[in-house]
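Because the structure is predicted, anything quoted here is derived from the model rather than measured. The basis for the numbers below is simple: all heavy atoms, side chains too, and nothing from hydrogens, waters or symmetry mates. To find a chain, count down the sequence lines: A is the first, B the second, and so on, and within it residues start at 1.
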Number of protein chains: 4
Amino acid sequence: MLRYLTAGESHGPQLTAIIEGVPAGFPLAAELINIDLARRQLGYGRGGRMLIETDRVEILSGVRWGKSIGSPITLCVVNRDWVNWQEKMSPHVRHRDDKLAVTRSRPGHADLPGAMKYDHHDVRNILERSSARETAVRVAVGAVAKALLSQFDISVSGFVTELGGVKAERPNLPLDSLLQKVAKSELFTYDDIAEAEMKGLIDRAKESGDTVGGVIEVNVHGAPVGLGSHVQWDRKLDGRLAMALMSIQAIKGVEIGCGFEAARNPGSRVHDEIYYDSVRLVEGKITGFYRKTNNAGGIEGGITNGETIVLRAAMKPIPTLYKPLKSVDVVSKEPFEATVERSDTCAVPAAAVVAEAVVAIELANAFLEKFGGDSLVEIRRNYDGYLDYLRSF
Amino acid sequence: MLRYLTAGESHGPQLTAIIEGVPAGFPLAAELINIDLARRQLGYGRGGRMLIETDRVEILSGVRWGKSIGSPITLCVVNRDWVNWQEKMSPHVRHRDDKLAVTRSRPGHADLPGAMKYDHHDVRNILERSSARETAVRVAVGAVAKALLSQFDISVSGFVTELGGVKAERPNLPLDSLLQKVAKSELFTYDDIAEAEMKGLIDRAKESGDTVGGVIEVNVHGAPVGLGSHVQWDRKLDGRLAMALMSIQAIKGVEIGCGFEAARNPGSRVHDEIYYDSVRLVEGKITGFYRKTNNAGGIEGGITNGETIVLRAAMKPIPTLYKPLKSVDVVSKEPFEATVERSDTCAVPAAAVVAEAVVAIELANAFLEKFGGDSLVEIRRNYDGYLDYLRSF
Amino acid sequence: MLRYLTAGESHGPQLTAIIEGVPAGFPLAAELINIDLARRQLGYGRGGRMLIETDRVEILSGVRWGKSIGSPITLCVVNRDWVNWQEKMSPHVRHRDDKLAVTRSRPGHADLPGAMKYDHHDVRNILERSSARETAVRVAVGAVAKALLSQFDISVSGFVTELGGVKAERPNLPLDSLLQKVAKSELFTYDDIAEAEMKGLIDRAKESGDTVGGVIEVNVHGAPVGLGSHVQWDRKLDGRLAMALMSIQAIKGVEIGCGFEAARNPGSRVHDEIYYDSVRLVEGKITGFYRKTNNAGGIEGGITNGETIVLRAAMKPIPTLYKPLKSVDVVSKEPFEATVERSDTCAVPAAAVVAEAVVAIELANAFLEKFGGDSLVEIRRNYDGYLDYLRSF
Amino acid sequence: MLRYLTAGESHGPQLTAIIEGVPAGFPLAAELINIDLARRQLGYGRGGRMLIETDRVEILSGVRWGKSIGSPITLCVVNRDWVNWQEKMSPHVRHRDDKLAVTRSRPGHADLPGAMKYDHHDVRNILERSSARETAVRVAVGAVAKALLSQFDISVSGFVTELGGVKAERPNLPLDSLLQKVAKSELFTYDDIAEAEMKGLIDRAKESGDTVGGVIEVNVHGAPVGLGSHVQWDRKLDGRLAMALMSIQAIKGVEIGCGFEAARNPGSRVHDEIYYDSVRLVEGKITGFYRKTNNAGGIEGGITNGETIVLRAAMKPIPTLYKPLKSVDVVSKEPFEATVERSDTCAVPAAAVVAEAVVAIELANAFLEKFGGDSLVEIRRNYDGYLDYLRSF
């Protein structure tokens, strides 16, 4: 079982994660993780911090000579701006300066409920941790999970399917071509016309001091039948994936397969009929069973069914706007207008990368639960045995 | 911390749940739980089994003389039809009869992926547990959680807001009146006109052998500021609630607050501005801070903010249709047409009751985490102290 | 991963356990579990309740036609004396009768700390759950775990090695003969002379109204190298086993291998030297590596090393004596003398059966973690692959 | 609930821990943690590494201006010798050099079982993590837990009570004086005569190339009645403490209260009689109930009873000896004699510090479970309310 904890404040010295349960023998390199860290910083509509710093991970334990050794993996993303924050964020009591306290809580953030929960009147003590900055190290953890899954030809891909209400049309392309298109897109999407419209929308929002949200989709290709379980509520893979996605900052909705559309169509059009073709086995497919539709999004009864896993998440617009929002000072109780000079107008593409990460982590976890094993060799043996079994089911 | 496990097959002798972590001194009675069990069996569009049996719970441990005593609570819902299933579902090897094996896997169910995962060629070994019958005992667990929360004036209410694409309009009524309207509605909704349309839709679906899904909403009133936390991904209350809802059979989408709509609107219209009014404190409100809108659905940064918690879930239509769906026999690999004589056409109202239950469980859990305590008296003392603190924040 | 919860009061209608995570395809029968339930009721020095009732388990879910199906298993042990307790232990408020309250807390029990923790002034609300009666259903859970392990030729055996200070000498016998000797002994021990002395001690204790404790040992034969892990404190198998044993009622000490003796001898005499013999592989042993001594008790660095796992636990004498112990009434605060008419003088043999159970559960858990799998066939395939790998290490 | 993960190899760049669940507002300083890190490096009989480096912790998150803020705390202990290990322990594949592989597995370590479990033929991949070096950062985590507990006047103290079979006699001193004596002792013990004998024993062991184990004791003063619970096996505080202690490297036995002696004495002499004195309440004691003996070691039925918690653990002698132990090369399968030039002869005093740490962590966890709360102010309010309640029980 994979467990992980992340730690670190947005302007603290570093973000840190410890991942427990990574088996031995998996190739892992900081360079690979850095690719996802860089992807997370891209996207049309970013501003401010993303331009200052390029995140890079350091692997401080659990990996030796290019491979995991079975012990916990420590990942660290240093804050390159720490020199400017050393006193404001110092652990030492001697740097305490109450004049620096932030007392203006911003709508749409954890600021106010967090301050009340934790008995802080300096909102910085909340916002430093609730910030989406934390997702940098979650993306690093996810990159480790993706590296695990990639050994078994399971891939996790995120895109933007909707932005500010503009929907992208999915072209009928093979996976590789689709992903290349997404990789080249400044908005991680696959529809040039929609992308142009989305950019215009971001430009206008930026001008008017507003922000833009959107919908991201994650597809998992290559996951075998049988991950997750129907036997207990907390083992259902759809539930776990929903939790992982909803735990990303600013996510307010999650769908699997056709999602809310499933609620609006008759049963005869929603359920994916089952077919069997023994030729598939000759062709090297894992099972003879297959579907011609995938409204279920690859999960039935909390269990993967061998089709592509399809997940979507709705991201609200960034709540830090140039256009002021009304709020109240937590100390004086006086109203003020929450505003900001420099921030992102849109971070939806970044959220697609974070979503990939959290989905990969849950998938890797479900994979390791089913196949056990403490080394790549052992897991591969177990997995191959299962695939053989599936073929003869 | 509340933990619970449920067990039991759909046609087994009984469903059982053990709930661990219920503090001492809470009034609990089977009669109270039975109300929710009965509500779960109601709803226009039900057929078959719901008419045969009325579920009733037995409390077999953890409650004495009307109150919880702190030890694990055993809840049992007996299957009144067990006499007809004693051999088919017997634990004894002597009743084994492979001629009774079910080999026809139904689309939209756990049947096929479950059979492959667990190495069964008798699909009954899967469908008996994946059946929504299991939710009966989850509703019982939820009724215990609701009883806990009710001691602190926290209520959890579910309704149907959409059915087969027909949306109900929420009337501007005080909570009590709204809930009375819902309670009287055969579809647990509050819009007479929409309800009539929904019923027509169900009638037509039934005639054509089809099924209908819908959207349910759960509102939590009275939850204090500060449940859940932003500090670690798996402590965010929105994530936990999403997992709980998505773990209900047939749920394919979850929203919090304005959900997917948040992704389609500019930031200036999505975030809930913060106000303060010291008169509220005089009036006995818990905090002077408040919002005039609730697009966040009562949760910011994974923490409750004191507003009503608003959750929605999309239920797909029941996959067991009279109108046949194509499928394949798991043994012969021959195609067949999956069909059923007698089943529900629509179970969306029941899902609203189940959703109440799972939401209540997560809420009670977050409540007990924050307030600790092993007895009602202790928890009330801790809670009242916190409310006083909030008033003076 | 196996999870289980037990529930039930000593004089409630029944004890219940739900076990989650048992894979499919394992032969399981109530008859097998009943053997351990009966063993738990045996032993020289028992009195009172053990003579009244013979415990029998009912399997209420998760097993069909003699085999586990992958869903949670419900085990139930009915209280045959319930008819006499229906009102005193009723869940219904109408049976409340405060005159029946037990206010005399007994030394050596959870009575007083439990009452204070849970805000009870009727100590029955504590003692009903803290009673060793609960171990009946834990033994049932353990019997399921033993059935799992037995499929892989792993056996778990408990004996009494010391009673009231009298030590049994372990004869140099093959395992089978040793276990036969233990099975025939009224004190579950293997030394006739010591047994006679132990019985005399019990007889004298009984006459003088006193009670007797002892030391039990559990041996696990056939566990493969590699269960547990050194990588994180809470994954060390020795730690988990210590927790499981210490969680048994009345246990005050736990040892692995030579235990406290390890602290009293020089390193040169404590550590087990490592040898290798390729002939072992020819003979079918799993590894060529072996030890001539087993002071480590089969666990090094929190990981099984392929030798017999050796655990010991110290049981204090039963605290319910005929000879009075001074105590205080929790309501009146008046002193009284805690005494009892009829109870066990010695329950050490029973504790050996309970210890087998909790050890088997942890072992089965560690086994399933390492080998994954959802069915007996899959786990066997994974396990056999690992054994092959070990042979060629 | 406190959760923590540690990470780091013995010769890696650093040890890291992330602690989740520390409430806000607790004073915390690296200086305080460093005191325990230094204590862990002391003790007569140390050699080698302890002399090279002085461990110091860095707090990298979760603490600001001298106080916890509620977010996860990152602790880091840098390896001052890292410069000499950068290539041997590098995460980069380019530094791979199989000639550096360690193939000689040492008896008494995780080396061989770990290598087989994780499919390593370079034993360094195991020994780097299984090394007791990891306890440095566990001591740091424990120091945080002790700081939490100290706010409620709960103290955790460790000593050496036995070394190589020589038992220390506990003087009849007030706690403060006893702890002063321990603090001054090179062996963390309180009996000058025994200490001299112990030192002689260490000297002789060192000369003969041998090593020495011993028994440590941890006492917890000031813990309130009611931590832990009897209601479920895995909530019993004694079980959790046993797991925590047994998870320390080299520990082979654990006792609570009179431990194994309880098994050798009659019930009439083992159980602690209960007394009540209302004058205690006048004097400010938390309860009027008390015991004159403490054979139970402060825990009855898995729950603290208000008396001092008394725990003991048996540490085996260090398995790395100058005097050779027979073993086998994991690659060549050739026998060799495991020996070492420079190592500790005795690390029992260090284990006392580690034991304090792990006990403090479990206690803090149980404390936070019972009292809930997210800030020092809230927890104090809840705790004080409980103490008042206890006084009036």
What part of [X] gets closer than 4.5 Å to chain B, counting heavy atoms only: side chain, backbone, both or neither?
{"X": "A:Asp111", "answer": "neither"}
{"X": "A:Val166", "answer": "neither"}
{"X": "A:Ser208", "answer": "neither"}
{"X": "A:Lys117", "answer": "both"}
{"X": "A:Val254", "answer": "both"}
{"X": "A:Val225", "answer": "side chain"}
{"X": "A:Ile318", "answer": "backbone"}
{"X": "A:Met315", "answer": "backbone"}
{"X": "A:Arg106", "answer": "backbone"}
{"X": "A:Tyr389", "answer": "side chain"}
{"X": "A:Ala338", "answer": "neither"}
{"X": "A:Lys323", "answer": "side chain"}
{"X": "A:Leu241", "answer": "neither"}
{"X": "A:Pro335", "answer": "neither"}

Next on the checklist: If you take the centroid of each ring, where Trp contributes its six-membered ring, are A:Tyr118 and B:His230 closer together than 6.0 Å?
Outcome noted: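 Yes.
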Using non-hydrogen atoms and a 4.5 Å limit, figure out which bit of [X] sits close to chain A: side chain, backbone, both or neither.
{"X": "B:Ala205", "answer": "neither"}
{"X": "B:Asp272", "answer": "backbone"}
{"X": "B:Tyr386", "answer": "side chain"}

Most contacts with chain A, counted as non-hydrogen pairs under 4.5 angstrom, among [options]:
{"options": "B:Val331, B:Val215, B:Val212", "value": "B:Val215"}
{"options": "B:Gly306, B:Gly259, B:Ser278", "value": "B:Gly259"}
{"options": "B:Gly165, B:Gly209, B:Pro266", "value": "B:Pro266"}
{"options": "B:Cys258, B:Ala244, B:Ala242, B:Ser105", "value": "B:Ala242"}
{"options": "B:Gly297, B:Gly228, B:Pro324, B:Gly288", "value": "B:Gly228"}
{"options": "B:Pro113, B:Gly302, B:Ala115, B:Gly226", "value": "B:Pro113"}

Show the nearest heavy-atom pair for residues [X] and [Y], with the distance to one decimal.
{"X": "B:Ala314", "Y": "A:Ala263", "value": "CB-CB, 4.0 Å"}
{"X": "A:Ala262", "Y": "B:Pro317", "value": "O-CD, 3.1 Å"}
{"X": "A:Asp238", "Y": "B:Met246", "value": "O-CG, 3.4 Å"}
{"X": "B:Lys326", "Y": "A:Tyr275", "value": "CD-OH, 3.7 Å"}

Could you check which of [options] has the highest count of heavy-atom pairs closer than 4.5 Å to chain B?
{"options": "A:Pro107, A:Gly301, A:Gly213", "value": "A:Pro107"}
{"options": "A:Ser130, A:Gly267, A:Ala7", "value": "A:Gly267"}
{"options": "A:Gly257, A:Gly214, A:Ala313, A:Pro224", "value": "A:Gly214"}
{"options": "A:Glu134, A:His121, A:Arg138, A:Arg240", "value": "A:His121"}
{"options": "A:Thr287, A:Asp119, A:Leu390", "value": "A:Asp119"}
{"options": "A:Leu311, A:Ile303, A:Thr304, A:Ile299", "value": "A:Ile303"}

Interatomic distance, [X] atom [atom1] to [Y] atom [atom2] [nearest 0.5 angstrom]:
{"X": "A:Ser229", "Y": "B:Ile126", "atom1": "OG", "atom2": "CD1", "value": "8.0 Å"}
{"X": "B:Leu5", "Y": "A:Trp233", "atom1": "CG", "atom2": "CH2", "value": "10.0 Å"}
{"X": "B:Ser247", "Y": "A:Gln232", "atom1": "OG", "atom2": "CD", "value": "9.5 Å"}
{"X": "A:Arg312", "Y": "B:Phe260", "atom1": "CZ", "atom2": "CZ", "value": "6.5 Å"}

Checklist entry - Does A:Lys252 pair with B:Glu261 as a salt bridge, N-O distance under 4.0 Å? => result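 Result for this pair is no, no salt bridge flagged.
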Min side-chain heavy-atom separation [X]-[Y] under 4.5 Å:
{"X": "B:Phe289", "Y": "A:Val328", "value": "yes"}
{"X": "B:Leu112", "Y": "A:Ile274", "value": "yes"}
{"X": "A:Glu334", "Y": "B:Tyr276", "value": "no"}

Donor-acceptor pair, [X] side chain versus [Y] backbone, under 3.5 Å?
{"X": "A:Arg264", "Y": "B:Gly164", "result": "no"}
{"X": "B:Asp210", "Y": "A:Ser268", "result": "yes"}
{"X": "B:Glu300", "Y": "A:Gly108", "result": "yes"}
{"X": "B:Lys316", "Y": "A:Asn295", "result": "no"}

